[in-house]
Amino acid sequence: MGLIALLTSMVAGIVGFGGGMLLISVLPVFLSPALIIPIHALVQLASNSSRMLFSLKHVRWQLVPRFLLGSVVGTLMIGYGLSHISMEYVPAAIGLYILLNLWSPKFSASVSRYESFYLIGFLQTGLGLVVGATGPLSLSVLTKQLESKDEIIATSALFMTISHLAKVPVYLSFTDSMFSDLDLIVYMVLGAILGSFIGTKLRLSTKNGYIIKII
């Protein structure tokens with residue numbers, strides 16, 4: 001699992017997205033439904049925060065307040081709803097989200113066309129409490145508004161850091177097993193940080209235009 005976290009984090013470090021979705025598609029094989037989103041949040045928090053720190057000078061800070069406000073509202077509203085549903089349905093929600101995002105052009109277009117960072121913060125952080133990997137929501141807007149691939153990836157990493165950080169208190173409020181397998185979490189967090197470092201180094205050594213075409 002540490003190696004998987006390293007590889008998925010490296011993918012995200014190079015192209016800016018995809019790592020979280022790859023990771024969460026694997027976790028149901030190894031974890032109980034109640035632990036999938038919490039452990040994914042901790043690992044992705046390490047992955048995104050380290051990727052952001054490795055590219056700190058490229059973060060567009062002026063975009064953060066609007067996203068942050070939307071994230072707070074999304075966390076409060078959708079987090080409250082989570083305390084009233086069974087966690088057994090989380091794998092189904094994850095699978096449905098991944099399938100629709102990958103195979104339904106209409107769904108993919110509908111979740112990526114919102115230009116307001118208030119709304120993006122609300123949806124990315126709020127929906128992330130349920131489906132985990134929602135990075136493409138903000139990335140699609142950042143790609144339109146920013147020209148530098150380093151600014152896109154660094155700012156997206158900060159947005160995802162906020163989204164994953166919001167999950168920690170929410171899940172701690174109604175589960176006492178979030179840190180039940182601490183050894184696994186440590187290995188995965190270390191793998192994610194190392195993957196971010198390798199991915200960032202590889203990305204910074206490539207041409208700006210090439211990564212822009214990819215994302």
Side-chain angles (χ1 to χ4, degrees), residues 8-9 12-13 16-21 23-24 27 36-56 58-85 87 90 93-94 96-98 100-101 107-108 110-146 151-175 178 189 192 196 215:
T8 55
S9 185
F17 73 104
M21 190 171 289
L23 180 62
I24 205 166
L27 289 182
I36 293 172
I37 301 297
I39 289 185
H40 180 268
L42 292 173
V43 176
Q44 287 302 105
L45 178 59
S47 176
N48 284 279
S49 61
S50 59
R51 185 163 71 253
M52 182 267 294
L53 289 173
F54 293 143
S55 303
L56 192 60
H58 298 292
V59 175
R60 291 288 296 272
W61 296 100
Q62 66 270 30
L63 302 177
V64 175
R66 286 171 286 170
F67 180 88
L68 181 60
L69 181 58
S71 294
V72 171
V73 176
T75 300
L76 294 175
M77 292 182 63
I78 300 180
Y80 175 77
L82 272 179
S83 62
H84 294 79
I85 65 173
M87 296 306 293
V90 169
I94 294 170
L96 181 63
Y97 173 78
I98 292 175
L100 288 174
N101 200 47
F107 177 84
S108 181
S110 67
V111 299
S112 63
R113 67 187 177 185
Y114 301 104
E115 301 294 338
S116 168
F117 282 103
Y118 294 109
L119 185 57
I120 290 295
F122 177 89
L123 292 175
Q124 178 169 299
T125 303
L127 293 178
L129 295 172
V130 183
V131 299
T134 53
L137 288 175
S138 63
L139 191 64
S140 61
V141 178
L142 291 171
T143 302
K144 296 176 183 178
Q145 298 194 13
L146 304 178
E151 289 184 348
I152 293 170
I153 294 175
T155 307
S156 174
L158 176 57
F159 284 177
M160 287 306 302
T161 297
I162 294 171
S163 296
H164 289 299
L165 186 61
K167 297 174 187 176
V168 176
V170 171
Y171 277 88
L172 281 176
S173 68
F174 60 86
T175 179
M178 187 170 184
V189 164
S196 287
I215 64 176

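What's counted below: heavy atoms across the whole structure, side chains too, no hydrogens, waters or symmetry copies.
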Item checked: Phe122 vs Val72 side-chain heavy atoms within contact, under 4.5 Å -> no

Note to self: By the salt bridge (charged side-chain N to carboxylate O under 4.0 Å, His left out) test, which pairs, at least two apart or in different chains, include something from residues 60-75?
What the structure shows: Arg60-Glu151

Next item on the list: Compare every heavy atom of Arg51 with every heavy atom of Ala12, then report the nearest pair and how far apart it is.
Entry: CB-NH1, 3.5 Å

Margin query: Quick check for you: to the nearest 0.5 Å, what is the distance between Ile120 atom CD1 and Phe159 atom CZ?
Written below: 9.0 Å

Margin query: What's the separation between atom CG in Leu45 and atom CD1 in Ile39, rounded to the nearest 0.5 Å?
Written below: 13.5 Å

Check: Are Trp61 and Leu158 side-chain neighbours, meaning at least one heavy-atom pair lies under 4.5 Å?
Finding: yes

Item checked: Euclidean distance, Gln124 CD relative to His164 NE2, rounded to 0.5 Å -> 7.5 Å

Notebook entry, point to check: Between Phe67 and Ser163, does a side chain to side chain contact (heavy atoms under 4.5 Å, CB included) hold up when you go through it step by step?
Noted result: CA-CA 10 Å; Phe67 180 88; Ser163 296; 3.6 Å; yes

Checklist line | Point-to-point distance, once rounded to the nearest 0.5 Å, from NE2 of His58 to CG of Leu146 | finding: 12.5 Å

Check: What is the minimum heavy-atom distance between Thr155 and Leu63, and which atoms define it?
Finding: CG2-CD1, 4.3 Å

Check: Hey, what do you get for CE (Met160) to CD1 (Ile153), rounding to the nearest 0.5 Å?
Finding: 14.0 Å

Checklist line | Considering all heavy atoms, the nearest Leu27-Ile36 contact | finding: CD1-O, 3.8 Å

Check: Regarding Thr161 and Ser49, is there a side-chain donor-to-acceptor distance under 3.5 Å anywhere?
Finding: no

Checklist line | Contact summary for Thr125 and Ala166, nearest pair of heavy atoms | finding: CG2-CB, 3.7 Å

Next item on the list: Heavy atoms only: give me the nearest Ser50-Ala46 pair and the separation to one decimal.
Entry: OG-O, 2.7 Å

Notebook entry, point to check: Are any side-chain N or O atoms of Ser196 and backbone N or O atoms of Ser47, one a donor and one an acceptor, separated by less than 3.5 Å?
Noted result: yes

